[in-house]
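Along the sequence shown, the residues carry numbers beginning at 1. Numbering of ligands and ligand atoms starts at 1, following listing order.
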Amino acid sequence: PKHIIEAAKKALDEGKTGYTPAAGIYELREAVAEYISESRGVDVKPKEVVITVGAKMGIFASLIAFLDPGDEVVIPSPTYPAYEGVTKFVGGVPVTVKLREERGFSPSGEEIASAVTDKTKAIVINTPGNPTGGVYSREDIEAIYEVAKKKDIVVISDEIYEHIIFDGKKHVSALSIGDKEHTVLLGGFSKSWSMTGWRLGWVIAPEKVADKVAKVQLNSASCPASFVQYAAIAALKGPWDDVWKMVKEYEARRNLIYEEVNSIPGFSMIKPAATFYAFPNVSKLGVKSSKLADMLLNEAGVALLPGTSFGAEGEGYLRISFATSRENIKKGMKRIRDFVKEKFF
Ligand SMILES: Cc1ncc(COP(=O)(O)O)c(C=O)c1O
């Protein structure tokens, strides 16, 4: 959005180009604390907010803050790959729970509980979810917290797609359901404001954890870029019109791609409830997802990802991003449809 770009330019002109505190400038921590407090109905203080170099740094730093070698992390999967990657990087053990299409890709409390052991340090959830486009139900999040509280485990909740949610549904945040002591909330500016290249996210955590997260950032990136943080204050303060306009457009694209995907023989898909990802089930075609994705790239000229790029549980699925024009979506879908008809039927 234009007013955010203007705010970045203004910050540059005003010479806001030096290092900032590792946890971010106070004004932005305050603005995020205000936004989170209001949207979650929980009192969050600026000292419980760390501004990170993208949500990805938030994932990295918060897992490092909790994990020692041998510790287990429960991760519903297929999922954004960074959780598993960082867990392994620090010598931890990812324990995956298969997200099922028939549950709208929302894990049940029993499924989570059965993956928890005495070594579990964290449960990572991602709602709305990449790559599934699924949204966890309130009941499922409540059940996850029952497990987390009983075993004194932290829930790390990645809510970066919180605004990109359809059909008038309201985002249900982990922080609105669980207690602050057992929650690390991740979010940021990349998706809602299309600020992927600006590299700006947030971590909301109890002060002691927030301090550790800031320390990881201090000793790696030092701090997020200074003028970008000033621009982010403008993003939060609004106007938010561009955000809602974009979400509306994503919803129209979601409706389009839902119809298109289900018209391809051998493909089936439940309606993505959120995000800008379609996650069709292609298991009927009887070919491995990675092979199908390669064929579609090389023989039909369509770039998409196999479900297995998001964990072994993604076998039998493809992930298609619809962060592109409706025209491109139609063109891509036609290519896939023509290719599949010719090759498999
Ligand atoms: C679930 C999820 N979390 C985090 C990120 C990373 O966000 P950022 O660009 O702010 O680092 C992504 C980006 O694709 C994502 O899909």
Those atoms of ligand 1 less than 4.0 Å from some heavy atom in Ser190: 8 (P), 9 (O), 10 (O)
Checking side-chain polar atoms at under 3.5 Å, does Glu315 have a donor or acceptor matched by the opposite partner on Ser289? yes
Just to check, does Phe189 reach to within less than 4.0 Å of ligand 1 when the distance is taken from its heavy atoms? no
Residue, atom name and distance, where the atom is the protein heavy atom closest to atom 3 (N) of ligand 1: Asp158 OD2, 2.6 Å
Quick note on ligand 1: atoms under 4.0 Å from a heavy atom of Gly54 include exactly 10 (O), 11 (O)
Please check if the distance between the ring centroids of Phe276 and Tyr161 is under 6.0 Å. yes
Taking only non-hydrogen atoms of Asn126, do any sit less than 4.0 angstrom from ligand 1? yes
Counting only heavy atoms, which portion of Arg199 has something under 4.0 Å from ligand 1: side chain, backbone, both, or neither? side chain
Lys/Arg N to Asp/Glu carboxylate O, Lys334 vs Asp338, below 4.0 Å: yes
Please work out whether any backbone atom (N, CA, C, O) or any side-chain heavy atom from C-beta onward of Tyr83 is under 4.0 Å from ligand 1, and answer side chain, backbone, both or neither. side chain
Identify whether the distance between the nearest side-chain nitrogen and carboxylate oxygen of Lys271 and Asp167 falls below 4.0 Å. no
Less than 4.0 angstrom from a charged side-chain N to a carboxylate O is my criterion; do Lys288 and Asp294 meet it? no
Does this structure show an ion pair linking Lys180 with Glu207, if we count only N-O contacts that are shorter than 4.0 Å? no
Heavy atom under 4.0 Å from ligand 1: found in Ala55's side chain, backbone, both, or neither? both
Atoms of ligand 1 close to Tyr161 [distance to a heavy atom under 4.0 angstrom, numbered from 1]: 1 (C), 14 (O), 15 (C), 16 (O)
For atom 6 (C) of ligand 1, closest protein heavy-atom neighbour: Tyr80 OH, 3.4 Å
Do the side chains of Arg326 and Glu249 get close enough for a salt bridge, i.e. N-O under 4.0 angstrom? yes
Below 3.5 angstrom, do we get any N/O pair linking Lys191 and ligand 1? yes
Partner of Trp193 by ring pair (Phe, Tyr, Trp, His ring centres under 6.0 Å), out of Trp244, Trp198, Trp240: Trp240
For Ile160, the ligand 1 atoms whose distance to one of its heavy atoms is below 4.0 Å: 1 (C), 2 (C), 3 (N), 7 (O), 10 (O)
